[in-house]
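Here is the naming used below: chain letters follow the sequence lines, and residue numbers restart at 1 for every chain.
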Amino acid sequence: MSSSMSTSSRAAESRFSALSRPVRARWQRWLDRRIPPGREVVLDQRRIFIFPTLMGFGYLFTAFLLFIAGINYDNSLILNFSFFLGSLFVVAILQTFSNLSGLEITAGTTEPAFAGTEAKFNLHLGKSRRKDHCSILLEWHGFAAEPRNLIDAEKIPVQMLLPTRNRGVFHPERLKITSVYPLGLIRAWTWIALDMECLVYPKPVVCELPPQAQQGGKDGKAPVPEGNEDFDGLRAYQETDSLNTVDWKAYARSGDLYTKRFHGYQAESRWLQWDQVPAQYAELKLSQLCFLVLDMARGGTPFGLQLPGVKIEPGSGPEHQKRCLETLARF
Amino acid sequence: MSQPIIERLVKAVGAILLGKEPQIRLAIACLLAKGHLLLEDLPGMGKTTLSHALARVLGLSYQRIQFTSDLLPADIIGTSIFNPGSSHFEFRKGPVFAEVLLADEINRATPKTQGALLEAMEERQVTVEGHSYALPQPFFVIATQNPVTQMGTFPLPESQLDRFLMRISLGYPDPRIERELLKGSNPRDLLESVQAVLTKDELSTLQKKVDAIHVSDALLDYVQRILAYTRQSNQFVFGLSPRAGMALVKSARSFAMVQGRDHVIPEDVQAVLGPVAEHRLSGARDITGHEGERLVDHVIKHVDVIPRR
Amino acid sequence: MKAAHAKPERDLRRHGFPMPRTAFVLLLAINVLAVLPHTERVPTWMLLAFGCVLLWRIQVFRERWPFPSKWLRLVLVLGGFAGVIFYHGTVFGPDAGVGLLITAYLFKQLEMATRRDAFLVVILSYFVLATEFLFSRSLYTTIYVFLVLILITATQIALNQSEPRIAIARPLKVSLKLVLQSIPLMIVLFYLFPRIGPLWQLNLNTQQNRVGLSDRMSPGDIANLSRSGELAFRAEFQGAIPPHRERYWRATVFDRFDGRTWYAVDDSVLVPLDMQQLEYGVRRYQYRVYLEPTSQRWLMTLPAAQVSGIDAKSTDALSVLAQSTLEAAVSYDVTSFPDYRYQRAGLNRLDYSRYLQLPVGGNEQSRQYAREQFRRQGSDPARFIDSLLRWYHDEEFIYTLNPQRLGRNTIDEFLFQTRRGYCSHYAGAFVFLLRSVGIPARLVGGYLGGEGHPLGKYLLVHQYDAHAWAEVWLEGQGWVRFDPTGAVAPNRIEFGPLDSTTDDSFLRESPLSPERLRNLALLAQARLMVDYVDYLWFKNVASYDTEAQNRLFRDLLGQVTPQRIAALVGGLGAAIVLVLALSILLRHPPARKLDRADRLYLRFCLKLQQRGVARAAGEGPQDFAKRAANTLPAQAADIEAITALYLNLKYAPLQKVAHFKPQQSNTGDTLGRLEKELAQRVRAFKPS
C-alpha cells in the first residue's frame, strides 16, 4: 500500500512542479489572499471553485444531442427532455456547491512522526449550518482519505496520514476538499490552508552508544559529597549540625548523638553529545542521536542531550523523551 | 461589603511594593481562593518583599524558610526527637506549621525536599512516623523561585507545579517607580510598619464569598473554548487539564471579587489565565519551559470572547 | 478511529469499483423501466436476451459469475446489431434506431464495472427514455418518463454517495427534490427558449403497424378497425359543433377497384383543388384538429376544408394532404363549409374514366342486377340510387362487424348470398353498382361521428368511428355524398357505432374496452376526465411549436424583436436561477444559533468597526469599551451603557439583572426587557 501511495505522491508533485516557479508563487499568493490560512475554516462562496466533471460534460453533450433531436424531429417533448436535463444541471451546480458550503474544517492535533514514516493529522469536519454534507473527499499531497459523510453527526473526526520525508517542522500544502455529490456532474472543490504543522523527528539510525556517555557512578551519576538524596552513614554529632539530622532512633537506643550523613547526585552525568556520535554529517548525527535517545529512553536511564547551542538537562520519562526528540527535530 | 477591605489590603501591600498593583491584586486573589502562590523572578525584584507584606497584611502567623541544596525534608516538616526525660519521641513541628509559609528560592532545594513541601501543600497535613499532624487553617505557601536557567537549581517538576494556583512574575518596575525606589528607603525596612488589615474571621468570610461569585453559562462557555483550544492547537504539547480548568474558574471568581464585582466577566478570566495556566502549559516550541507567557497571549488572541455563528 | 487512508480514486477506477448495492438495484430498475414502453417495437428475442443479460449482471454483482470475456461481449453486441438490422430490414428510421440503441444499452450492462460505465448506462437510459416520445406524446407517457427520470437521478445520487449501504429511500428523496427544483426552469425554457426549425430533413418512416385507415380497403378492413378504442384525433370547435350526421371526417378517396380491394387515389396523381369549381355555401365550422400519428399524409377534415397552421395541400378529391407522412401527432386549424358544391360544371375526361373504372370481369351477377335496375328506373341516376338504397333497407341486409368471409366475387357474394356486412361492404358494393351503369362514383374513407366531451367543446374521434361511404357525381349537382350504411343501420349515422349494428357484434372482442365500460356511468366519467386532461396536455404542451411560441411572444411582448425575446428569456431564466440559488443556499439555518444579546453586541461592534475601532477576537467587552471610549470620547457614555447592558445580560447573576427593574419578579421578562433595551440602544447607536 505504501509503495503505491508514494508513487502517486511523486506523480502529484511532479505535476505541481511542472508549473513554472513564478506562476506557482503567484498562484499561492492569490490563494492566500482569497483563502487565508486559519485553524478553523468555514467554506463559503469565496472559497469554493466549481467546474463540470468529465461526466458533466458527457451529460451536457447528451442534453445537446437530445436538443438537436427535438428540433429535427420537431418533437417538443424531446426538446423538453433536453431542457429538463439542462435545468437539472443547473440545480446540480447549486446543490454541489451547497454540499460543500457551510462545511467547517477545524485543525486538530498532529502526531509527530519519524522521517520516512507517516505523520498523523487530526481534523474535524463540522456543520456550520443545519444541513448534511455528503461524500466529502479530503486530499492532501495527492493522498485521499475515504469520502466522508456528515449526515446525522454534528462533527466527525478525520485522520489523515501523510508520509514525511525530511526532519523538521512539516507544513503540509493546502488541503484539497472535493465533492461531486449529488450527481457527479459538477466538481466543487477548495484548497484550504490549515494552520497546522507536524514535527518530524530524524529517522533513527542505529549506532553504538559512545563510551563517554557510559561513565559515572550509580546509574551513571557522579556522587557529590553533600546532599540529601541517599543515606550515606552516620558520624558523631557536632554542635553545628541541625537537630533534624540527628539520628534520634540511635539516640534512643544508645544515648549517643549521631548525625545522619547524606550525599546527593550530580544531576548531569549521562550525556548524549553532538561531538560523540560517530557520524560525520549533521543530519546523520541527528539521526543517530535520535536512535540513542529512543534507546536510552527505552532503558529508562536518565540522560541529557547536548547539541551545539542547546542543552537539555538529564531526565527521564516520556515527556523528557519527547522534549529531546523535538529538539533534534527542530535543530 | 467586602470591597473596602480588599481595597485596604491592596493599598497596604501597594505601599510596600510600589507600582505593582496588578500583581498584588492577582496575589491577593490567589490567596483568597485558598491557593498557593509561586512568585517567579530574578533575585532582587521584590518577591520576598511581596510575600512578607502579604503575610503581614493578612494578619497571619508566618514562617520563612530559605531553601538550600542541603535542606532536608525534616527541616521543613519537623522531626520526632527523643526526649530522654519522658523516654518518648516528641514531634517537633517544623516551620511548615505556620499559617503562611514563605518558601524562598524553592528551586534551590533538592527534589526530595521540594516534594515534602509540595505534599504538605496538597494534603494540608503532615505525616511523620505514622502520625498525621494537621496544618493550621488557613494555610498558604508563598514560594519564590528563580528562573530555572539559573545555575545550581532543581526545577520543580511539572507535575508539582500545578499545586500552585498561580505563578506570578513581578518584572522590572517602570522607570518612574524605580526612581522613587532609588530615592527612597529600602522597602524591606517598611515591612515592620505594616499592620494587619484583616482578622482571621474576616479572611475566612472573604474566602467563603469567593464561591458566591456568579459564573454565568456564557462565561463557562468561554472557559471551555479556551480549554478546548489548548487541547486542539498544535501550539501546545499538552492541553490544560480539567484541574487547570477548575483552577482557572476559581481564580477568575476570586479575581472578580478583588475587582469588586459579584460576577465574573471574560476580562477576569483573561487576567488570571497567564498566572494560572502559564506554568501548566508547555508549548510545542517551548524547550526551555519559558514560552508559556507568549502562549497564553496566543490563546487569548485566538479564542473569541463572543462565540461566532 | 479507523485509519482513513484510502486508495486514490485513480486506483479504484483501474481495479473496479465496488458498486453500491442501492445503486445497482436502481440501475436494474431503470433498465427495465426504460425499455418497458418499447417492448412492442423490439423483436421478442431481444426481450429474452435482455432478461438473460440482467440475470448475468445480477450474478456478477453477487460475485457468482465473472463478467463475460471481451470477445464474447463483442460477438454478442455485433450479433445483437445484426439481429436488429435483419428484423427491421434497415438501419434507418426510429424503429431500427431504437432497436440498435436498446441493443447497445442491453450489452453495456455486461461491462458495467466502473463508475464511468455506470454513468454511461445512465446516459443511455436518457436516450432510450427520450425516444419513447417519438412514438407517444401523451400526458401519461410524459408522466411515466418523469417518474423514470426521478429514478435515474436517484441512481446517479446512489452512485455518487460514499456509504456502501444506504436505504433506497434516501437517494429517492434527494432525487425527488432535485427533479422538483429543476421543473420551474425547465418550464420557462420549454415555453420561451427560442425554437428553431429542423436543421436537416429527417425521414421518419416507421414500419410500425399503426391502427388506422390504410390506403387500401378490402371487405372487413374497417370492421377490424372498429374493434379498436384508440383515439384517432380530437377536434376542438369554435362555435357550433356539427350534428352527428354531418360529422363525415374525410381522409381519402378510393378510386380503383380490383374486384376485391379498393385502392386509395395515389397522392401523386391528385391535382390541387380547383377553386373555380368550388362553391362554399353559407354555413361554416371552425375547429382545430389534434391528429394522432397515422403514418399517412391525410389530414382529417370535414369537406370542403381550408386548412391552416400546417404545410398542407387541398386536392381535388377534397382531401387534404400533409407534406409528409405523419409520424408524430400534429395539429391544424380548419374552416369547413358543409354546404359546398364541387365540380357542378362537369368532370374532366380523366376524372370521368377514373371514377368509372371497374375490373374487366367478375361480379357478373351484380353488374347484371345494376343494369336491370337502372333500366327499370328509366336510366335516371337519382331514381336508381334511391332504388338501391331502398333495396338495402328492405331486403334482409344485416349491419355487422362479423361478416362472413367472402370468396372470389366479393360483391356478388355479399349482395346475393351473405348479406351481412359493415360499412365498407355496403359502400363498396354501392359504388360498384353505380359504376356498372356508368355513373361516376367513388368510395370515401374516413371517420363518422365523434364523441362530444362534456368538459370541452371538442369531439373525440376513435378508431372505431372509422367509416366508409360513397360519393356520386350527378349532373348539375357535382359530387353528392350517399351513405348506404344509413339505409341498413340508420343509428350509425345518427348516433355512432355503438348499438348501431343490427347484431351485437360491436367491439365484442374486447370485453374491457371503453365501449363496454361506457355503460358504467362513473367509469365513463373517469374515462372522459382522463381524456380531457390528455387533451389539455396535447393542446397546450405536446403540440407547442414554433408557431405557438410566436403567438405567445406576441401576447407577452407585443412587438417581437430578438432583443425583447432575449430580455424575456434571460430575465425570467435568471430570476428563476436566482430564486433557486437562494432557496438552496440560504435555506439552512446556522447550526449554532447565536444568542440575541451576542448578536446585538456584534452589531454594535460592527458599527464601531465602521468607525475604525475594531474589536480584536480576544478582546473582552470591557477592555474594548475602554479603548473605544478613548478613541470616540463623544460616544463614551453610549459605549459604556451598551457594554454594561451586554455584560449584565451575559455574565451577571439573575437576581442582579432583576434589580434593574425591581418591581418585576419574573426574571425571564426582565431579561427580555434588558434585551429590548440593548436592542434599542444598539439601533440608536450612531458613532460619528
Side-chain angles (χ1 to χ4, degrees), chain A residues 1 4-5 8 54-55 58-59 62 65-66 68-69 71-88 90-92 94-95 97-98 101-102 126-131 134-135 137 139 142-149 154 157-161 180-185, chain C residues 1 3-11 115-116 119-120 123 126-127 129-130 133-134 137 142 145 149 153 156-157 159-163 174 178-179 181-186 189-190 193 195-200 202 204 328 541-545 577 580-581 584-585 587-592:
Chain A
M1 182 158 171
S4 82
M5 284 194 306
S8 58
L54 198 63
M55 291 180 191
Y59 176 94
T62 304
L65 285 184
L66 285 171
I68 296 294
I71 283 179
N72 271 343
Y73 288 95
D74 199 13
N75 188 318
S76 61
L77 290 183
I78 293 183
L79 214 51
N80 191 39
F81 197 101
S82 77
F83 291 145
F84 170 77
L85 294 186
S87 303
L88 188 63
V90 172
V91 170
L94 294 168
Q95 289 287 359
F97 183 86
S98 163
S101 86
K127 299 174 177 177
S128 75
R129 294 188 166 268
R130 252 176 266 154
K131 67 176 171 189
C134 293
S135 299
L137 194 74
E139 216 177 323
F143 297 97
E146 58 192 62
R148 289 317 173 94
N149 287 321
E154 272 286 295
V158 180
Q159 192 172 53
M160 307 269 308
L161 300 173
V180 297
Y181 186 85
L183 296 184
L185 307 177
Chain C
M1 205 190 85
H5 234 138
K7 281 176 243 158
E9 209 181 349
R10 286 185 287 283
D11 285 3
R115 197 189 296 264
R116 202 192 289 172
F119 179 74
L120 267 177
I123 289 286
Y126 283 136
F127 280 112
L129 201 56
F133 284 131
L134 289 176
R137 290 203 255 172
T142 313
V145 164
L149 274 175
T153 312
Q156 271 175 292
I157 293 164
L159 281 169
N160 282 294
Q161 65 85 44
S162 49
E163 275 171 67
V174 178
L178 297 190
V179 169
Q181 282 170 344
S182 314
I183 284 177
L185 184 59
M186 177 194 80
L189 289 173
F190 178 77
F193 193 89
R195 302 284 176 101
I196 43 179
L199 300 178
W200 61 85
L202 283 160
L204 252 176
V541 181
S543 67
Y544 186 78
D545 54 11
V577 171
L580 207 55
I584 289 175
L585 297 176
R587 195 161 52 93
H588 308 279
R592 290 175 289 279

**Request:** Just do the side-chain contact (heavy atoms from CB on, under 4.5 Å) check on A/Leu94 and C/Gln181 with the steps written out, would you?
**Result:** CA-CA 10 Å; A/Leu94 294 168; C/Gln181 282 170 344; over 6 Å; no
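Atom CG of A/Asn149 sits about 6.5 Å away from atom CD of C/Gln161, to the nearest 0.5 Å. Atoms CD1 and CG, from A/Ile78 and C/Leu134 in turn, are 4.0 Å apart once rounded to the nearest 0.5 Å.
Shortest non-hydrogen contact noted between C/Ile584 and A/Ser98 is CG2-CB, 3.7 Å. When all heavy atoms are compared, the tightest approach of C/Phe119 to A/Met55 is CZ-O, 3.1 Å. Of all non-hydrogen atoms in C/Met186 and A/Ser87, the two that sit nearest each other are N-OG, 3.0 Å. Across all their heavy atoms, A/Val91 and C/Leu178 have their closest contact at CG1-CD2, 3.8 Å. When all heavy atoms of C/Ser182 and A/Phe84 are compared, the pair lying nearest together is CB-CE1, 4.0 Å.
Considering only heavy atoms from C-beta on, C/Val174 comes within 4.5 Å of A/Tyr181 through its side chain. Side chains of C/Phe127 and A/Leu66 form a contact here, defined as non-hydrogen atoms less than 4.5 Å apart.
Aromatic ring orientation, C/Tyr126 versus A/Phe81: perpendicular (interplanar angle above 60°, classes split at 30° and 60°).
Of the listed residues (C/Leu129, C/Leu120, C/Val145), the one with the most heavy-atom contacts under 4.5 Å to chain A is C/Leu129. Highest contact tally toward chain A, considering only C/Leu189, C/Thr142, C/Ile183, is held by C/Leu189 [criterion: heavy-atom pairs under 4.5 Å].
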